[in-house]
Amino acid sequence: MEYLPNILFAIILVLGIGYFARNIKKLIRNIKLGQEVDASDNKSLRWKNVINIALGQSKMVKRPVSGFLHVIVYVGFIIINIEVLEIIIDGLFGTHRIGLKLLPESVYGFLIGAFEILAVLVLVSVIAFWIRRNVIKLKRFLSSEMKGWPKSDGNIILYFEVVLMCLFLVMNATDTSFQNLGHGNVISQFIAPWFGDNPDTLHMIERTAWWLHIVGILIFLNYLYFSKHLHILLAFPNTYYGSVEPKGKLNNLEAVTNEVKLMMDPNADPFAAPAEGAEEEAPAKFGASDVMDLNQIQLLNAYTCTECGRCTSACPANLTGKKLSPRKIMMDTRDRLEEVGKNIDANKGEFKDDGKQLLGDYITNEELWACTTCNACVEECPVSINPLSIILEMRRYLVMEQSAAPMELNNMMTNIENNGAPWPYNQMDRLNWKDE
Ligand code: SF4
Ligand code: SF4
């Protein structure tokens, strides 16, 4: 019976981490449903992006208020959770505050004191976030795609953080031996009197807060998979694999480029063998109509999206009332990918055609053609997501597989084909305007 709490702790820990690992395996499997893509170039620039953008939050702070609050929550949450290490060791081996045995008292006190200050800063920031979402009601959190689960998700995570930070402070405030140390209780010493001085009651509250704290952290960890907060983990690989090409560079299909070159070169031999390194054949399908046609980085992008709406708030199409939100493009891609993943799970590892696809069932042609390809969404995204690349792949499918471009574009392409220019008259007439 003496070891019962330790055994219970070990079981909870294994279950919590095991379920999380199972979902991460599923997530990786889903991402691998996408097309392979070579991102082995520019390693040093990619690592620089991870350090600046993911670790240094350089793009977050471009909007100072939310950026600053986010940095506090991010730093606070990560650092405070170092303390979880101590909880795990204590839980497994039945020790109490093992850090005090491993570190000098002053160092331990300094660390816990810093964690307590950070906990209060996190609490203040989280409350400010809640007010921005629910009282001030910032426009970018009110779009149609943010109704229902995305709205609740944004709030649930804030409540989680409040509860975890409070439990941490209560745990310290009711730990008599820690309070008697006189080091590190910079905040909890002011809360301690709220709980009285009965040693049994204090011990019971301290143990309850300790258990709830670790169970809460494991629930939080497992909640991530179902939440936009997966970005806490995925922002790092996502910024590594983010594009390092100039933003205006479009991804041309080599097979199509070669066709055009052949058409434009009267001396070209259409039967000549392709140049070394060139694609030998046209792809089996042009563009993307479903998530499996997108590449793995685009699918990773979808799982990483924080639903912050910075992209949508800078999108000229959205700002002028068009039915396009780059945030929704990412959310739809993730939802469809999850749907495909569940289909595979339900059919013993095989995808069974469900008569649905990303194009049409989630994202409409109207949304796709509203995009001006300005790249503002890509520039704004704090975690290097590229909604435009998905839009372009789906447009490519519409044009090349379905000949379903809008009439204006079809007219222009016919003009280019017939007149060598986008205008509906002969090249010989192009200077007629001067005679008017
Ligand atoms: S590239 Fe398209 S989706 Fe992105 S901001 Fe510009 S118009 Fe909007
Ligand atoms: S794509 Fe980027 S900017 Fe847009 S909502 Fe997602 S994380 Fe925010």
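Whatever order the structure lists them in is the order used to number ligands and atoms, beginning at 1. Throughout, residue positions are numbered sequentially from 1 according to the sequence presented.
Contacts with ligand 2 closer than 4.0 Å are made by no heavy atom of H231, backbone or side chain. Residue contacts with ligand 2 for I385 involve side-chain atoms from C-beta outward but no N, CA, C or O (heavy atoms, distance under 4.0 Å).
Taking only non-hydrogen atoms, the option from N318, I329, N375 nearest to atom 1 (S) of ligand 1 is N375. Looking at C315, C371, P326 and measuring to atom 2 (Fe) of ligand 1, the nearest heavy atom belongs to C371.
Donor-acceptor pairing under 3.5 Å is recorded for the side chains of D153 and Y223.
Note: H229 and H231 have tilted aromatic rings, judged against thresholds of 30 and 60 degrees for the angle between ring planes. Using cut-offs of 30° and 60° for the angle between ring planes, the F115 and F168 rings count as tilted.
Annotation: atom 8 (Fe) of ligand 2 to nearest protein heavy atom, C308 SG, 2.3 Å. Here the heavy atom of the protein found nearest to atom 6 (Fe) of ligand 2 is C305 SG, 2.3 Å. With respect to atom 5 (S) of ligand 2, the closest heavy atom belonging to the protein is G309 N, 3.2 Å.
Residues R395 and W369 come closest through the heavy atom pair CD-CZ3, 3.4 Å. Across all non-hydrogen atoms, the minimal contact from N318 to L324 is ND2-O, 2.8 Å. Scanning all heavy atoms of the two residues, the minimum distance from I112 to R97 falls at CD1-NH1, 4.3 Å. Closest non-hydrogen pair, R334 versus Y303, comes out as NH1-O, 3.6 Å. Pairing each heavy atom of R46 with each of Y240, the nearest pair is NH1-O, 2.8 Å.
Close contacts of ligand 2 with C311, meaning ligand atoms under 4.0 Å from a residue heavy atom, involve 1 (S), 3 (S), 4 (Fe), 5 (S). Heavy-atom contacts of P382 reach the following atoms of ligand 2: 3 (S) (cutoff under 4.0 Å). Per-residue contacts place E307 under 4.0 angstrom from the following atoms of ligand 2 (heavy atoms of the residue considered): 5 (S), 6 (Fe). Atoms of ligand 1 lying under 4.0 Å from any heavy atom of T372, numbered from 1 in the order shown and given with element: 2 (Fe), 6 (Fe), 7 (S). For ligand 1, the atoms lying closer than 4.0 Å to a non-hydrogen atom of I391 are 3 (S). Of all atoms in ligand 1, listed by their number and element, those nearer than 4.0 Å to a heavy atom of C374 are 1 (S), 5 (S), 6 (Fe), 7 (S). Close approach to T306 involves these atoms of ligand 2, each under 4.0 Å from a residue heavy atom: 6 (Fe), 7 (S), 8 (Fe).
Here the options are I329, D332, T312, the test is side-chain contact (heavy atoms from CB on, under 4.5 Å), and the partner is E145; only T312 passes.
A heavy-atom separation below 4.0 Å is not found between T312 and ligand 1.
Residue side and main chain included, C377 places an N/O/S atom under 2.8 Å of atom 4 (Fe) of ligand 1.
Between F9 and W210, the distance from one ring center to the other falls under 6.0 angstrom.
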